[in-house]
Amino acid sequence: MKTIENVSRRSFLKGLGIGSGALVLAVNFPEFVGMPKAIAAGQVSKFEPSVYVHINSDNTVGIVVHRSEMGQGIRTSIPMIVADELEADWQQVKVIQGLGDKKYGSQNTDGSRSVRRFYFPLREAGATARTMLEQAAAQQWKVPVEQVFAKEGYIHHRSSGKKIAFGELVEAAASLPVPDPQTLTLKESKDFNFIGKSDVALVDGHDIVTGNTTYGYDVDLPGMEYVVIARPPVLASALESFDASKAKAIKGVIDVVALDNLQEPPLFKPLGGVAVIAKNSWAAMQGRDALDIKWKVSEHKVYNTDTYKQMLKDSCDNAEAVLRKKGDVDTALASADKVLAGEYYVPELIHVPMEPPAAAAHFHDGQFDIWACTQTPQSAQNTVATLLNVAPEKVNINVTLLGGGFGRKSKPDFIVEAALMSKRRGKPVKVLWTREDEIKNGYYHAVSYQKIKAALGPNNEVNAWKHDVALPTISSTFAKGANVIGGEADLGLIDMPYDIANVQCAAGKATAHTRIGWLRSVTNINQAFAICSFADELARNAGEDPKDYLLKLIGKDRQINLAEENAKYGNYGEPMEKYPIDTARLKNVVERVAKMSAWDKPRAEGKALGIAVHRSFVSYVACVAEVSKKADGKIKVDKVWLSVDCGTAVNPERIRSQMEGAAVFGVSIAFFGELTAKDGVIEQSNFHDYPIARIADSPVTVVDIVESDDLPGGVGEPGVPPVVPAITNAIYELTGTRYRELPLNKMGIV
Amino acid sequence: MITLTVNGKQHQYDDDENMPLLWALRDILNYKGTKYGCGKGLCGACTVHLNGQPIRSCATPVSVVGDQKITTIEGLSENGDHPVQEAWQELNVPQCGYCQSGQIMSAVALLKSNPSPTDEQIDIAMSGNICRCGTYERIRKAIHRAAQLKIDVKEQS
């Protein structure tokens, strides 16, 4: 059933850091199979009990990383997991980037789930190899297998003290039957060498600091042409005419061609436009700027940020799609002693990974060889196959390093452009997006308006919570005309964790005029901003300490069952039994972050704290931000404390770095992030008008990781949502002004 | 024809003289450690040294460079053991790593002019380098660490 292909001589290996002389086999299974396979071949024999791990007779251990590295450290964390169960010598571990291939299961590196979804399969892969090596040694020594154990690249015999290297057992192990996963013994956590430890250096650290890395932008193929595309400024506009004479006069420009217009919905299709083909990046960019293009502007020209904001506001008042309903909010509001209300606005945002999208493709002999900074190699493979009419097996996706992803690079539109252009040119090409392209033609984080109302009793107790939202939906990218949110509701709206008798969450309609996509933590950004801000407002209204009030709002220890409240909750794809919404864990991180930040101690003059907590991607993160006024009167975030409960902490060092990054990402959203549209065109274009946090804006970050044996949760995204409201809550404490609209630089205070 | 001296090595360049050094380095001379981030001198990803001074190569035409000495990340040290590179690794500074060539080149230049900078001086010197992953705090710490290593930070070129 399986085809083993010797790919050792393929040129792409070099670019991915695999040296010459290694035997590398690509194994194609018809489906993802949990069943490990034993393989041995060539002069260097190889024992491959799983698609994730193989051991060579020279003692090296190849560990496949099938997820994309974009800064979260997965090329370090996955090998740590496998090597730990295998008892491998870390110095012998070689990391191999997996091609796009469904045999690995999902490779969709988003949703904060690489460790969450693969922790046990990867441990099983390591344990399978270890068990077979132990069996091979026991057979060789003619001793019971119970008397041998693996440690740091060797199998040891307990009583005699003799040992044998993994590599010497490869041939024998490869001939053994693969053990039933049920029979495997996984290590106890006290015996871990790498998991939960912070001393493993980054796998790519040395290459990064020496510039010896290959990102999508860096791929270089022999005879390659460079392509930069002028895409329609207004989504789905058609090309009317263009004059390429000035572009063609530029030195290095080879040709200029028109692309097919986009037919909505956008999906991951190219946006159309005019492509400039050149001998180098600069010529292609210059050529593109020299084009004179006339567009038949689409209906999306009606998109103007000011009027759209008003439309969203009105839409909140007609929020007919009820997504969670417990009790009767309307009656409770009507009979309340007091109604407290807040309205929140978060503008349209874009990813700005430091590396804009880029992909190289070579169409030859009926197949596509592609190199790209992609979060989703299988989606890229399938999209290219579908749109260019080839079988998926004819599309090879090599995943480079990603110069940041944040969700942008899970949309393979730019990869399809490269494939299309290579086919058209009959040559290898590289399609480069400039910063302007990335900002003006992105998949945007939706602009949103939200209204929250609370019914308060005589003692300021909260009897009802009504949360109405309006924002264009991600679904509109996949179905033209979709105008009510779907999965976004699960990202911090309907899972609001406060213990309130009457709750209603609902969404109004909003037509999208740009491609809407997901950005690091997605709608948790805006929904946590509203909910955590409003919790602070309730505390202030009651004259209580915001931390104490927050704990009171969350209420007693319980697992929230949203199914009982007429809500269909996706729980990030995880079963509720395994990953409940556990209020005890939520309160625990609040208590811990308060203790760590000395919340109860008065601050120095001119400094103030704010607090927020949010569960997302099945992890719990509480944040305290400390803000101060600088000499010029502007506000600065001095310090951020984050307490994170992500269950089992596999790579604490990278968890801390993700939380540090989340703090800075939060500062960018709170202070600077805003895109605006005029007549359907995004007005911003580069870092001068879409600024993000720089070093002087970045706070000192203190991270606390809850020690836990619970199942691993997400890490890459959950740090972001509580940071923004913690900052604005702190600013309220400092200044007495409540900011319900972002970004703050528009208010002149930062 | 221009002779470009990169990391002590001479290259004959006969392409467009208006081409920014960034693209000449990356596409023509194949030094890909220097990165594109904005093309407007706004983000610092393309930082290299010209006669030891940090410049934004995306906004510096080849014609301006002439025969001055260019140092890129690849030329900072033979074995990746420049004190700044060592400090960066010791503290696991990078996340995605894409901006770090530029960060490191700016940090090296800072330490050359100011061997023991304060946080504030670091913030000023590094303000032109954006990191979207948010590694700034570790960059600060790594610059202090590199200063502490007290090793000569003179460039090899």
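The basis for the numbers below is simple: all heavy atoms, side chains too, and nothing from hydrogens, waters or symmetry mates.
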Within 6.0 Å of NZ in A/K630, more than 12 heavy atoms from elsewhere:
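Yes, the 6.0 Å shell around NZ holds more than 12 heavy atoms from other groups.
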Within the supplied structure, the quantity of interest is the number of heavy atoms (other residues, nucleotides, ligands) at a distance under 6.0 Å from B/Q12 CD; does it exceed 12?
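Yes, enclosed.
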Spacing of [X] atom [atom1] and [Y] atom [atom2] [to the nearest 0.5 Å]:
{"X": "B/L22", "Y": "A/S281", "atom1": "CG", "atom2": "OG", "answer": "8.0 Å"}
{"X": "A/T76", "Y": "B/N92", "atom1": "OG1", "atom2": "CG", "answer": "8.0 Å"}
{"X": "A/W282", "Y": "B/D27", "atom1": "CH2", "atom2": "CG", "answer": "12.0 Å"}
{"X": "B/I28", "Y": "A/N280", "atom1": "CD1", "atom2": "CG", "answer": "4.5 Å"}

Over 60° means perpendicular and under 30° means parallel, so tell me whether B/Y98 and A/Y217 are parallel, tilted or perpendicular.
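B/Y98 and A/Y217: perpendicular rings.
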Could you go through B/K35 and A/D218, starting from their C-alpha distance and side-chain angles, then the distance that decides it, and tell me whether this counts as side-chain contact (heavy atoms from CB on, under 4.5 Å)?
CA-CA 9 Å; B/K35 305 300 184 190; A/D218 301 330; 2.5 Å; yes
Could you look at [X] and say if it's the side chain, the backbone, both or neither that has a heavy atom under 4.5 Å from chain A?
{"X": "B/Q100", "answer": "side chain"}
{"X": "B/I124", "answer": "neither"}
{"X": "B/I104", "answer": "side chain"}

Tell me, side chain or backbone of [X] under 4.5 Å from chain B's heavy atoms, or both, or neither?
{"X": "A/E438", "result": "neither"}
{"X": "A/L402", "result": "backbone"}
{"X": "A/V664", "result": "side chain"}
{"X": "A/M70", "result": "backbone"}
{"X": "A/S668", "result": "side chain"}
{"X": "A/M285", "result": "side chain"}

What are the two closest heavy atoms between [X] and [Y], and how far apart are they?
{"X": "B/E137", "Y": "A/V700", "value": "OE2-CG1, 3.5 Å"}
{"X": "A/T210", "Y": "B/I73", "value": "C-CG1, 3.8 Å"}
{"X": "B/N129", "Y": "A/R694", "value": "N-NH1, 4.2 Å"}
{"X": "A/P356", "Y": "B/Y36", "value": "CG-CE2, 3.7 Å"}

Under 3.5 Å: donor-acceptor pair, side chain of A/H206, backbone of B/N79:
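Here the side-chain-to-backbone pair exists.
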With distance as the sole test, does B/Q89 use its side chain to make a donor-acceptor pair with the main-chain N or O of A/G205 at under 3.5 Å?
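Between the backbone of A/G205 and the side chain of B/Q89 there is no qualifying donor-acceptor contact (under 3.5 Å).
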Tell me which of these, [options], has more heavy-atom pairs under 4.5 Å with chain B than the rest.
{"options": "A/Q72, A/E653, A/M224, A/E69", "value": "A/E653"}
{"options": "A/G403, A/S685, A/S698", "value": "A/S698"}
{"options": "A/A693, A/G405, A/A662, A/G73", "value": "A/A693"}
{"options": "A/Q286, A/K279, A/H351", "value": "A/H351"}
{"options": "A/P699, A/A663, A/G211", "value": "A/G211"}

Apply the test side-chain contact (heavy atoms from CB on, under 4.5 Å) to residues A/I208 and B/W88: give CA-CA distance (whole Å), side-chain angles for both, the deciding distance (0.1 Å), then the verdict.
CA-CA 10 Å; A/I208 288 171; B/W88 243 247; over 6 Å; no
Please determine, by modelled atom types, if A/E660 and B/Q95 share a side-chain donor-acceptor pair under 3.5 angstrom.
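Side-chain D/A pair, A/E660 to B/Q95: absent.
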side-chain contact (heavy atoms from CB on, under 4.5 Å), that's the test. Do B/R140 and A/I695 meet it? Break it down for me.
CA-CA 8 Å; B/R140 257 187 231 127; A/I695 192 166; 4.0 Å; yes
Is the terminal nitrogen or CZ of B/R132 (NZ for Lys, CZ for Arg) located under 6.0 angstrom from the six-membered ring centre of A/F406 and within 45° of that ring's axis?
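Positive - B/R132 is close enough to the ring of A/F406 and near enough to its axis.
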Option that, when pairs with chain A are counted at under 4.5 Å, heavy atom only, ranks first among B/C96, B/A24, B/G33
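Answer, by heavy-atom pair count under 4.5 Å with chain A: B/C96.
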Most contacts with chain A, counted as non-hydrogen pairs under 4.5 angstrom, among B/C131, B/G80, B/C38:
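Ranked by heavy-atom pairs under 4.5 Å with chain A, first place is B/C38.
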Could you go through B/D15 and A/K251, starting from their C-alpha distance and side-chain angles, then the distance that decides it, and tell me whether this counts as side-chain contact (heavy atoms from CB on, under 4.5 Å)?
CA-CA 9 Å; B/D15 222 294; A/K251 185 176 177 183; 4.3 Å; yes
So, B/K40 and A/E436, do they make that salt bridge, N to O below 4.0 Å?
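Looking at A/E436 together with B/K40, the answer is yes, because their closest N to O distance falls below 4.0 Å.
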Could you tell me whether B/R26 and A/D220 make a salt bridge, using a distance below 4.0 angstrom between a side-chain N and a carboxylate O?
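No, B/R26 and A/D220 are not salt-bridged.
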